[in-house]
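The residues of the chain are indexed from 1 along the displayed sequence.
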Amino acid sequence: MKLKIDLLRHGETTLSHTLRGSTDDALTEQGQMQMQTAIQDFLDQSSQPVPWQAIYSSPLQRCQSFAENLSEKYAKKLLIEPDLQEIHFGDWEAKPTQWIYENFPEQLNQFWQTPTQYAPPNAETMQQFHMRICHALENIQHNMQQQHWQRVLLVTHGGVIKLLKCLAAQKSLDELLTMSAELGTLHRFELDVEQQKIHYLSNDLRLSNLKTEEF
């Protein structure tokens, strides 16, 4: 059995250009437009009017507010998944990266280079983030199987998308920050339930030999 999950990253927010993490800032008008454009572009190319049986969302308003609008517009069930929220940056929450660079250059460099070895003070570690997102996937997969859903949409964050890309390519978590997940972009994955693997889909083609460890 293969289940499809499409991940939409939120758009621009009032605290863009900071490490906002779990800080609950709102979308800007531009951010809402970015997300609307991504959804419309996807639906314009889809063979089905609205292919998702349900919508999952991070509880942070930059995701949930848009997900609520989609749920109402397309009459799709909305489920809030707390474990889909962004990694928590501790003392660096909502701080501009320039400010962090000026005050903690060595620590910031450590974090960019080896995030599994260094986390900001009082922050969630990369290992904890990894476990949390895998737990979210387990919940979503289980629910999809119970409800006989084949495809769902997840409205979430850049860190979540980068983590799944990293796992699908079997890369070290230290490479997570090199992955791309631009604001307001849609990313398509496939869960292979029997083999417990996740594939990253690009241009409707599955990349070969991409898998994760078990989750």
Side-chain angles (χ1 to χ4, degrees), residues 2-10 16-23 56-60 62-63 81-97 100-101 104-142 154-193 195-202 206-215:
K2 294 179 174 61
L3 305 174
K4 292 184 178 180
I5 55 172
D6 299 322
L7 276 70
L8 174 67
R9 187 185 178 188
H10 65 79
S16 284
H17 310 298
T18 71
L19 295 182
R20 52 201 174 282
S22 60
T23 302
Y56 288 83
S57 177
S58 157
L60 298 182
R62 59 188 183 268
C63 296
E81 174 52 68
D83 283 339
L84 283 178
Q85 72 176 358
E86 185 61 282
I87 190 170
H88 178 62
F89 289 109
D91 293 355
W92 291 359
E93 279 278 317
K95 297 288 194 300
T97 51
I100 301 170
Y101 175 76
F104 306 98
E106 291 184 10
Q107 294 92 327
L108 182 60
N109 185 61
Q110 281 182 284
F111 177 64
W112 289 140
Q113 295 298 320
T114 52
T116 63
Q117 302 300 314
Y118 180 83
N122 300 309
E124 185 176 23
T125 67
M126 189 59 67
Q127 291 83 356
Q128 290 169 331
F129 180 55
H130 176 206
M131 290 179 62
R132 173 161 63 80
I133 300 308
C134 287
H135 183 255
L137 279 184
E138 289 176 351
N139 288 341
I140 292 167
Q141 175 183 305
H142 179 69
L154 280 55
V155 186
T156 186
H157 306 269
V160 177
I161 296 168
K162 291 177 181 182
L163 176 64
L164 294 191
K165 278 188 161 185
C166 204
L167 295 178
Q170 288 189 292
K171 292 182 179 293
S172 162
L173 290 180
D174 280 326
E175 296 189 56
L176 183 147
L177 298 175
T178 69
M179 298 289 159
S180 63
E182 299 299 322
L183 291 169
T185 53
L186 192 81
H187 302 261
R188 296 176 298 113
F189 293 84
E190 184 178 75
L191 297 176
D192 187 324
V193 176
Q195 297 189 34
Q196 288 293 282
K197 298 176 183 178
I198 185 168
H199 302 270
Y200 179 60
L201 305 181
S202 177
R206 185 191 308 172
L207 303 180
S208 61
N209 301 319
L210 300 187
K211 61 181 181 179
T212 64
E213 67 233 48
E214 292 188 2
F215 56 82

Got a second to check how far [X]'s [atom1] is from [Y]'s [atom2], nearest 0.5 Å?
X	Y	atom1	atom2	result
I198	K165	CD1	NZ	12.0 Å
W92	Q107	CH2	CD	6.0 Å
L201	F189	CG	CZ	8.5 Å
L176	I87	CG	CD1	7.5 Å
I140	Y56	CD1	OH	6.0 Å
I5	L164	CD1	CG	6.0 Å

Do any side-chain atoms of residues 108-121 form donor-acceptor pairs under 3.5 angstrom with protein atoms, and if so which ones, sequence neighbours left out?
unit_1	atom_1	unit_2	atom_2	d
T114	OG1	Q110	O	3.3
T116	OG1	D174	OD1	2.7
T116	OG1	D174	OD2	3.0

Verify, without hydrogens or angle tests, whether [X] (side chain) and [Y] (backbone) share a donor-acceptor contact under 3.5 angstrom.
X	Y	value
Q128	T125	yes
R132	D83	yes
R9	G184	no

Contacts of E86 that satisfy side chain to side chain donor-acceptor pair (under 3.5 Å) - sequence neighbours left out:
none

H157: what forms a ring-ring contact (aromatic ring centres under 6.0 Å, His included) with it, not counting sequence neighbours?
H10

Distance alone, cut at 3.5 Å: any donor-acceptor contact between the side chains of T23 and E93?
yes

Does the side chain of K171 come under 3.5 Å of the side chain of T178 through a donor N or O and an acceptor N or O?
no

Does any non-hydrogen side-chain atom of [Y] lie less than 4.5 Å from one of [X]?
X	Y	value
E81	T156	no
T18	T97	no
Q85	P59	yes
L163	L173	yes
H199	D192	yes
L3	Q141	yes
H187	Y200	yes

More than 12 heavy atoms of other groups within 6.0 Å of E182 CD
no

Would you sort out whether L154 and V160 count as a side-chain contact (heavy atoms from CB on, under 4.5 Å), showing the intermediate values?
CA-CA 10 Å; L154 280 55; V160 177; over 6 Å; no

Smallest separation among heavy atoms of S172 and C166, with atom names:
O-SG, 3.0 Å

side-chain contact (heavy atoms from CB on, under 4.5 Å) evaluation trace for T185 with I161:
CA-CA 10 Å; T185 53; I161 296 168; 5.5 Å; no

Verdict with supporting geometry, L7 and L186, side-chain contact (heavy atoms from CB on, under 4.5 Å):
CA-CA 6 Å; L7 276 70; L186 192 81; over 6 Å; no

May I ask you to decide whether E190 forms a salt bridge with K197, counting only side-chain N to carboxylate O separations under 4.0 Å?
no

